[in-house]
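Quick note: numbers below take in every heavy atom, side chains included, and nothing from hydrogens, waters or symmetry partners. Since the structure is predicted, the reported quantities are computational estimates derived from the model, not experimental observations. Whatever order the structure lists ligands and atoms in, that order sets their numbers, starting from 1.
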Amino acid sequence: MNSLLQSEALHDARPAGSGKAINRHHGLAEEAYEAIFGQLMALKIAPGSRITVDNLARELNVSQTPIREALGRLEGEGLVVKTHLIGYSAAPQIARRRFDELYDLRILLEPEAAQRAALVMDEQRLAMLQEVAGVMARRQGGDERFRYSAFARQDALFHDRILEIAGNALIRETLAHQHTHFHIFRLMFHSRVTEEALDEHEALLAALASGDGKAAKKAMREHIERSRDRLLPAFD
Ligand SMILES: [Zn+2]
């Protein structure tokens, strides 16, 4: 599965350069990853632009090794492209056609999954979903860019958990493999994207909590359609 979706320590992640120095190599690579991920999501590193290991190492004040490790991980997530003899660059923005295809795929699979999830909802599963949704809502203050990239990750996690509860592992893997949320959130850096999504998640959670399959299906469909409409202006 997607290692990102399993990363729980989101709220512990700090922007590079802040806080105490972490001695362990893994910690440095993790911090480098978070910092570069944030820059990619908020378009501080523009889609398609070159990424220089040297520059990043200087900027984040770490050696090249954790930078390379972070870039390798981002390559696996489709956010970074490595070209022979040229090096790394940020993945190009997804094309309109790909965007439509991704949303078609989501609309085919996710409302149905939400319906199934509602039908098997119990206290424990609901608590898990509320926890993920709550982490998104609680993220106030701090760096807006960092908040935005954190929201993208949490949104991916929230949708993934619903698919997990729905119980079809292949559907879950198919959607996780697309890293849809990362590509979608990178289209536009705007607070409206997150505020409206939070309201829709509330409606979805209420339907899931009530065990009403049809209502959950409808809420998920509306959420995905509205998400698409919010991001469409990125192609104007
Ligand atoms: Zn969402």
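Distances shorter than 2.8 Å separate the Zn ion (ligand 1) from the protein N/O/S atoms D155 OD1, H159 NE2, H201 NE2, H223 NE2.
Note that CG of L208 and CE of M220 are 7.0 Å apart. Values are rounded to the nearest 0.5 Å. Distance check: I184 CD1 to I94 CD1 gives 6.0 Å after rounding to the nearest 0.5 Å. Distance CD/E69 to OG1/T65: 8.5 Å, rounded to 0.5 Å.
Applying the side-chain hydrogen bond (donor to acceptor under 3.5 Å, both in side chains) rule to Q93 yields no partners; only residues at least two apart in sequence or on another chain are considered.
Note on residues 115-130: pairs passing salt bridge (charged side-chain N to carboxylate O under 4.0 Å, His left out), not counting sequence neighbours, are E112-R116, D122-R125. Screening residues 67-95 for ring-ring contact (aromatic ring centres under 6.0 Å, His included), with sequence neighbours left out, gives no hits.
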